[in-house]
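Heads up, the thing below is written out as structure tokens.
Throughout, residue positions are numbered sequentially from 1 according to the sequence presented.
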Amino acid sequence: SEEATVRAYGELLIQMAESVPDGLVAFFPSYLYMEEVIRMWADRPNAARRPTSGGAPPAPQSRRLPSVLDRVLEHKLVYIETPDIVETTLALENYKR
């Protein structure tokens with residue numbers, strides 16, 4: 001599914017952020033698709049449910065796991081390009097600092 005593919009690319013991005021020195025660049029075929037992917041990567045999934053004894057249904061967890069973006073931000077700054085050329089230029093100038 002597309003969601004599984006996006007999740008797999010997110011895991012790859014996390015692994016690269018952990019091991020590649022300096023910066024990374026991710027390219028997308030369009031701004032619309034980039035926004036969809038970033039929305040998925042920003043979503044914080046629920047923690048796995050713990051089974052209970054006696055065959056009762058698993059107890060729900062209130063804790064949320066870190067998102068793909070949360071995990072990338074542990075290692076890298078993230079700049080997201082916009083269609084606005086002025087905004088993008090400012091982001092790139094800040095990145096160079």
request  = Quick one: list whatever passes side-chain contact (heavy atoms from CB on, under 4.5 Å) with Asp43, sequence neighbours left out.
outcome  =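 By the side-chain contact (heavy atoms from CB on, under 4.5 Å) rule, Asp43 matches Arg64.
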
task = Quick one: which residue pairs count as a side-chain hydrogen bond (donor to acceptor under 3.5 Å, both in side chains) with a foot in residues 12-25, not counting sequence neighbours?
result =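 Matches after skipping sequence neighbours: none remain.
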
Residue pairs fulfilling side-chain hydrogen bond (donor to acceptor under 3.5 Å, both in side chains) with at least one residue in residues 75-88, sequence neighbours excluded =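 Qualifying pairs, neighbours excluded: Tyr31-Glu81.
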
key: Qualifying residues under salt bridge (Lys or Arg N to Asp or Glu O under 4.0 Å), relative to Glu11, sequence neighbours excluded   =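 Result, salt bridge (Lys or Arg N to Asp or Glu O under 4.0 Å) vs Glu11: Arg71.
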
Listed partners of Glu3 passing salt bridge (Lys or Arg N to Asp or Glu O under 4.0 Å), at least two apart =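 Scan of Glu3 (salt bridge (Lys or Arg N to Asp or Glu O under 4.0 Å), adjacent residues dropped) gives Arg7.
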
Reported [atom1]-to-[atom2] distance for the pair [X] and [Y], which is rounded to 0.5 angstrom:
X: Ile80; Y: Phe28; atom1: CD1; atom2: CZ; value: 8.5 Å
X: Ile38; Y: Ser67; atom1: CD1; atom2: OG; value: 11.5 Å
X: Met40; Y: Glu35; atom1: CE; atom2: CD; value: 13.0 Å

ask   = Same cluster for Leu92 and Val78 if Ile/Leu/Val/Met/Phe/Trp/Tyr side chains link at under 4.5 Å?
value =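 No, because Leu92 and Val78 fall into different hydrophobic clusters, even though each may have its own neighbours under 4.5 Å.
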
request  = Check whether Leu69 and Leu65 end up in the same hydrophobic cluster, where Ile, Leu, Val, Met, Phe, Trp and Tyr are linked by side-chain heavy atoms less than 4.5 Å apart.
outcome  =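 Leu69 does not cluster with Leu65.
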
ask   = Any donor-acceptor pair under 3.5 Å linking the side chain of Trp41 with the backbone of Asp70?
value =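 Absent.
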
key: Cluster companions of Leu32 among Ile, Leu, Val, Met, Phe, Trp, Tyr (side-chain spacing under 4.5 Å)   =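 Members besides Leu32: none; it forms no cluster.
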
